[in-house]
Amino acid sequence: MTDNLVIVESPAKAKTIEKFLGKDFTVKSSFGHIRDLSKKNFGIDIENGYQPQYIISEDKKKVVEELKKAAKKASLVWLASDEDREGEAIAWHLYDALELKPEKVRRIVFHEITREAILHAVANPRPINMELVNAQQARRVLDRLVGFELSPVLWKKVKPSLSAGRVQSVAVRLLVEREREILAFKTTSSFRVAALFGITGKGDEKNTFRAELSERFPERSKALNFLKKCSGAVYEVSDITTRPSKKSPSPPFTTSTLQQDAGRKLGFSVAQTMAIAQRLYESGKITYMRTDSLNLSASVLKSTAGVIKSEYGENYLNTRKYKTKSKGAQEAHEAIRPTDMESRTEGSSANEQRLYELIWKRTLASQMSDARLEKTTVTINISGASEKFIASGEVMMFDGFLRVYMESDDEEQEEQTGSLLPPLKTGDRPGAEKITATERFTQHPPRYTEASLVKKLEELGIGRPSTFAPTISTIQNRGYVEKEDRPGKPREYRVIGLDANGGITEETLTETAGSEKAKLFPNDIGIVVNDFLMDHFNDILDYNFTATVEKDFDNIASGKLSWPVMIDRFYNPFHKKVEETIETSERNKGERLLGADPESGRNVFVKIGRFGPMAQIGDSDTDEKPKFAALRKDQRLETITLEEALELFRLPRKLGEYEDKEVAAGIGRFGPYVRHDNKFVSLKKDDDSPYTIELDRAIELIEEKRRAEREKVIREFDSPEGLALLKGRWGPYISYGGKNYKIPKNVDPVELSAEQCLEIIRENKSRPAKRKTAPRKKQPKK
DNA sequence: CAGTGAGCGAGCTTCCGCTTGACTT
């Protein structure tokens, strides 16, 4: 009898595979990597050929112990981690850390979780590929060296606790450069002319259609001139062309395209998409969600074809194989697809169901026929003018995959394409019922969304499916960038109209322009860090840096290059540059002199202070103490004006006294407030402004808050002092000694005695705080 | 939790890529 232990990376995968392999096989999971570089001394012995110092990660000790035990009992251990660089390294780390005997080990790989694939893998074991493992070690060591040498430079030269790395720093660079492009963008306007034509058909019915002028007019006067020429003109159809066109479906989902489409169609953030996909994966509804592969297994191609044939008919079927084109793809899995195409809906929550449906449709559509269209273009001449009107129509001849799925665009399109045209022939003379020239504006390049940034990174070959979402979170958590909505501003535009009787009208209308939803904006600290890194480490921030080192990793993987040699070539000049920068470069606080304060004549400037971007009046080294004020969230060091900076110093404003204590109004981290007796009351957004609020109104708000505080109290105990039952946002809780404690669900808070409260507090405290990584504090402790 | 903006400088922060977990203040 043989006891076989199979080790895969994911527990959900383990469960599925166990079913295929039968009784002789136990399948366990390593939960990803089990070892990593120690954090002490870089975890790398730089003097000794960059020898890595691996340790078993704290949260993996239990896993490794269990695997060790299981391996001892087994006669054969099958290492079945993914067949890519990281997977090969996991296999080797397992081999090493579990102290397995070579004759007891088999390395197997499969690219899809199907019975055939797994049985085939078991029949074809191979040795661990040490060259591939070495490529991973080089990748790991390089990232550690870059991250752990660069970040401390930032601590010294910009601000403590900042971070830099091969991936995150490029992500920030993309955002900073795009923001500067947008700032530098000069909007211009031009007049777009559209006409509504009418023509009488055979049966005397009146048909109308729209056409657009082939050119735009940069100035109002030219547009007006044109309309005047049109007054009383005759229009004649001079040409009609019809040509066929087709649309093809998108390939099945990878991690990045799923994040993009779920963002556009369902409004999910990339983190949300991944969390929901994870649940679908764990319940066995979809295949693995961190993948860059477009491949679909033979069995799913067959079942998909079956669904298409029975639901839509044979002519909707077009079985296709897709090839990955993204740089650095490693194809360890399939594309993201339903495990069972026969199942139309799955998921235990509304969001899971919506995401599942999206995946199902995309998978199905990828195997369907092209949509066939017929595009008609009609050219209309104008008597007395050389410009031409163009009307275009689109007729769907065969809907094909569009029956189930259409990928959305990032840019919201302004004009609706292809409508239906009435029957027309050359020589027809339609009448113009109305012609309008509308002022339109050029648009700055779009800001990135989370998903479009992921798309860009993937195009550059930077980052992996497993890190896209975490990277997006990291750059936000570090304060480099922020996801925000911006309301947009009213903008006037002009419309000139010509009616059927030749009358010309002109009006000015208002639209909202520049509104943004869930876009990524770089913050000042992100901009300053980026500028600093670009100044001193532009080679690391180069968009091709990753692609270049990936070539080296490939050469290591194919045995043409030794990994310590590669690292050495990189590290020597890099480390020199780091030391040089520490020694010679100026501190970079993004300081900018705005001008002189008209009241005192002292310098007014902005810079990044200990608590973020701020404005300052007066230099620090003069006798008179400088004055400080924090920048508002929507202000940037780069763009703030002297006037705007001076405005900041009008707060906090003293309003007067109440109960012998001062009342003042200001704007803090959480918005506008009134302060009294060291207590803060938030101002209501639309009703009050800290710049204008009066004492009477402030007292009203203070009293209102006091009333609310009183109503919060369910019961106050006399002893011990400070023990109280309070009502909060999440229901009743116990407050004691400045801390809050949760009340167990099955307890009625009104009945609690002081004794019972203290008992609950003791229980709460005895529970260990299990959080592995403390949440980052925005403010340093006082 | 919001107001600050400095030090004789303790001790800390940080990377990317695999995985899932246990919290509801």
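Each chain gets a letter, A, B and so on, in the order its sequence line appears, and its residues count up from 1.
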>> Between A:Thr471 and B:dC16, is there a contact of a side-chain N or O with OP1 or OP2 at under 4.0 Å?
In response: no
>> By nearest heavy atom, map A:Asp82 and A:Thr474 onto DNA chain B; which one lands nearer the 5' end?
In response: A:Thr474
>> The side chain of A:Lys39 is closest to which nucleotide in this list: B:dT19, B:dG17, B:dC15?
In response: B:dC15
>> Would you say A:Arg139 places a side-chain N or O within less than 4.0 Å of OP1 or OP2 belonging to B:dG17?
In response: no
> Is A:Gly463 touching bases, backbone alone, or none of the nucleic acid, heavy atoms closer than 4.0 Å?
Replying inline: sugar-phosphate
> Which one, B:dG17, B:dG3, B:dT13, comes nearest to the side chain of A:Phe680?
Replying inline: B:dG3
> Going by atom types only, do A:Asp597 and A:Ser600 share a side-chain donor-acceptor pair under 3.5 Å?
Replying inline: yes
>> Please pick, from B:dG17, B:dT19, B:dC15, the nucleotide with the shortest atom-to-atom distance to any side-chain atom of A:Glu9.
In response: B:dT19
>> Quick one about A:His676 and A:Glu662 (side-chain donor to acceptor, distance below 3.5 Å, no hydrogens or angles considered), yes or no?
In response: no
> Can you tell me how far OH of A:Tyr50 sits from CD1 of A:Ile44, rounded to the nearest 0.5 angstrom?
Replying inline: 9.0 Å
> Rounded to the Å, how far apart are A:Lys28 NZ and B:dT20 P?
Replying inline: 16 Å
> What nucleotide among B:dC15, B:dG3, B:dC18 has an atom nearest to a side-chain atom of A:Ile90?
Replying inline: B:dC18
> OP1 or OP2 of B:dT20 sitting under 4.0 Å from any side-chain N/O of A:Gln278?
Replying inline: yes
>> We want to know whether A:Gln137 and A:Tyr54 form a side-chain donor-acceptor pair, criterion being a heavy-atom distance below 3.5 angstrom.
In response: yes
>> With rounding to the closest Å, how many angstrom separate the P atoms on B:dG11 and B:dC15?
In response: 23 Å
>> Taking donor-acceptor contacts at under 3.5 Å, does the side chain of A:Arg140 reach the base of B:dC15?
In response: yes
> Does A:Lys627 put a side-chain nitrogen or oxygen below 4.0 Å from OP1 or OP2 of B:dG5?
Replying inline: no
> Does a nitrogen or oxygen in the side chain of A:Tyr673 sit under 4.0 Å from OP1 or OP2 of B:dC1?
Replying inline: no
> Quick one: is the NZ or CZ of A:Arg107 closer than 6.0 Å to the six-membered ring centre of A:Trp92, and within 45° of its axis?
Replying inline: no
> Roughly how many Å is it from NZ in A:Lys654 to C1' in B:dG3, rounded to a whole number?
Replying inline: 13 Å
> A:Lys13 has an atom NZ; how far is it from atom P of B:dT19, in whole Å?
Replying inline: 8 Å
>> For a side chain to side chain contact (heavy atoms under 4.5 Å, CB included) check, start with the C-alpha distance between A:Arg140 and A:Asp36, then their side-chain angles and the critical distance, and finish with the verdict.
In response: CA-CA 9 Å; A:Arg140 182 66 193 91; A:Asp36 192 17; 2.8 Å; yes
>> With no hydrogens and no angle check, just 3.5 Å: does a side-chain donor-acceptor pair link A:His111 and A:Glu334?
In response: no
>> Looking at A:Arg279, I'd like to know whether one of its side-chain N or O atoms comes within less than 4.0 Å of OP1 or OP2 on B:dG21.
In response: no
> Do the side-chain N or O atoms of A:Arg144 get closer than 4.0 angstrom to the phosphate oxygens (OP1, OP2) of B:dC16?
Replying inline: no
> B:dG5 phosphate, OP1 or OP2: any side-chain N/O from A:Gln616 under 4.0 angstrom?
Replying inline: no
> Could you give the NZ-to-P distance, from A:Lys60 to B:dT20, as a whole number of Å?
Replying inline: 10 Å
> Under a 3.5 Å cutoff on both atom distances, Watson-Crick or G-U, what's the dot-bracket for DNA chain B ([ ] crossing, | other strand)?
Replying inline: .........................
>> Within the 4.0 Å heavy-atom criterion, would you say A:Gly43 contacts the bases, only the backbone, or no part of the nucleic acid?
In response: nothing
> According to a strict under-4.0 Å criterion, is A:Ser466 in side-chain N/O contact with OP1 or OP2 of B:dC18?
Replying inline: yes
>> What contact category does A:Ala164 fall into here, base, sugar-phosphate, or nothing, at under 4.0 angstrom with non-hydrogen atoms?
In response: sugar-phosphate
> Which nucleotide in the list B:dT20, B:dG17, B:dG5 gets nearest to the side chain of A:Phe628?
Replying inline: B:dG5
> When the nearest nucleotide of DNA chain B is assigned to A:Gly147 and to A:Glu282 on a heavy-atom basis, which residue is associated with the more 5' position?
Replying inline: A:Gly147
> Phosphate oxygens OP1/OP2 of B:dG17: is one of them under 4.0 Å from a side-chain N or O of A:Thr467?
Replying inline: yes
> For the pair made of CZ in A:Phe537 and P in B:dC15, what is the distance, rounded to whole Å?
Replying inline: 16 Å
>> From CZ of A:Phe42 over to C1' of B:dC16, roughly how many Å is that when rounded to an integer?
In response: 15 Å
> Can you tell which of B:dC16, B:dC18, B:dT20 lies closest to the side chain of A:Asp36?
Replying inline: B:dC16
> Side chains of A:Glu88 and A:Ser81: donor-acceptor distance under 3.5 Å anywhere?
Replying inline: no
>> Work out how far the C1' atom of B:dT13 is from that of B:dG9, and round it to whole angstrom.
In response: 16 Å
>> What's A:Gly165 touching, base or sugar-phosphate or nothing? Going by heavy atoms closer than 4.0 Å.
In response: sugar-phosphate
> Rounding to a whole Å, what distance do you find between A:Leu648:CG and B:dT4:P?
Replying inline: 13 Å
>> Regarding A:Phe468, tell me which of base, sugar-phosphate or nothing describes its non-hydrogen contacts under 4.0 Å with the strands shown.
In response: nothing
> Which part of the nucleic acid, if any, lies within contact of A:Pro11, taking any heavy atom under 4.0 Å across all strands shown: a base, the sugar-phosphate backbone alone, or nothing?
Replying inline: sugar-phosphate
> Parallel, tilted or perpendicular: which describes the rings of A:Phe532 and A:His536, with under 30° parallel and over 60° perpendicular?
Replying inline: tilted
> CD of A:Glu458 versus P of B:dG17: gap in Å, rounded?
Replying inline: 13 Å
> Between A:Tyr288 and A:Tyr281, what is the ring plane arrangement, given parallel below 30°, perpendicular above 60°, and tilted in between?
Replying inline: perpendicular
> Do A:Arg478 and A:Tyr480 meet the cation-pi criteria used here (NZ or CZ under 6.0 Å from the six-membered ring centre, within 45° of the axis)?
Replying inline: no
> Which part of the nucleic acid, if any, lies within reach of A:Val146 when heavy atoms closer than 4.0 Å are counted: base, sugar-phosphate only, or nothing?
Replying inline: nothing
>> Check the phosphate of B:dG17 against A:Arg166, side-chain N and O only, distance under 4.0 Å to OP1 or OP2. Yes or no?
In response: yes
> Counting just side-chain N and O atoms, does A:Arg653 come under 4.0 Å of either OP1 or OP2 of B:dG3?
Replying inline: no
